[in-house]
Amino acid sequence: MVRSLILTQHLLIRLGEREIPIAWVERVALAPAWKEPDPHDRNVTRAFGRIQEAEGKVLRVAYVDRADGRHVFSAHFDAKETRRRRSCA
């Protein structure tokens, strides 16, 4: 169980630039539709979730679980996963 979400300053800046609400990031970080390990860093988890409010695009959230909580440091819409998931639907 996740004790808390910790959003990095870098993430907050990027969310503002990308116009992605924090609530969407929290939703995916806490209850992803699916997740996978980052291929470049085994400590990082990539969580994915479809955001209906954003025309069904897939949001990818990257985080590291630590003793003090889940540190979320990246979030963006993943065009490749959005296309792949739409073709499977």
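Atoms CD1 and CG, from I51 and L59 in turn, are 5.0 Å apart once rounded to the nearest 0.5 Å. Between S4 atom OG and R66 atom CZ the span is 12.0 Å, to the nearest 0.5 Å. Here the OG1-CG distance, from T8 to L11, works out to 5.0 Å after rounding to the nearest 0.5 Å. The distance from the NZ atom of K80 to the CZ atom of R60 is 9.0 Å, given to the nearest 0.5 Å.
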Evaluate side chain to side chain contact (heavy atoms under 4.5 Å, CB included) for E81 paired with W34, printing each intermediate quantity in order. CA-CA 11 Å; E81 286 298 328; W34 75 96; 3.4 Å; yes

Side chain to side chain contact (heavy atoms under 4.5 Å, CB included) between F73 and V64: does it pass, once the steps are laid out? CA-CA 8 Å; F73 59 87; V64 175; 3.8 Å; yes

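For R42, the CZ atom counts as loosely surrounded, since its 6.0 Å shell holds 12 or fewer non-hydrogen atoms of other residues, nucleotides or ligands.
By the 4.5 Å heavy-atom criterion applied to side chains, Y63 and K35 are counted as neighbours. Taking 4.5 Å as the limit, some side-chain heavy atom of R70 sits within range of a side-chain heavy atom of L5. Annotation: side chain of F48 is in contact with side chain of D78 (closest heavy-atom distance under 4.5 Å). Looking at heavy atoms from C-beta onward, H76 lies out of side-chain contact with R14 at the 4.5 angstrom threshold. S74 is not listed as a side-chain neighbour of R46, based on a closest heavy-atom distance of 4.5 Å or more.
Placement of I6 and V61 in two distinct hydrophobic clusters is found when ILVMFWY residues are connected by side-chain heavy-atom separations under 4.5 Å, directly or transitively. Residues V44 and V72 are members of separate hydrophobic clusters, defined by side-chain heavy-atom contacts under 4.5 angstrom among Ile, Leu, Val, Met, Phe, Trp and Tyr.
Considering all non-hydrogen atoms of both residues, A47 and P32 come closest at CB-CB, 3.7 Å.
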Please tabulate, for the side chains in residues 19-30, all donor-acceptor contacts under 3.5 angstrom to protein atoms that are two or more places apart in sequence or on a different chain.
unit_1: R27; atom_1: NH1; unit_2: E53; atom_2: OE1; d: 3.3
unit_1: R27; atom_1: NH2; unit_2: E53; atom_2: OE2; d: 2.8

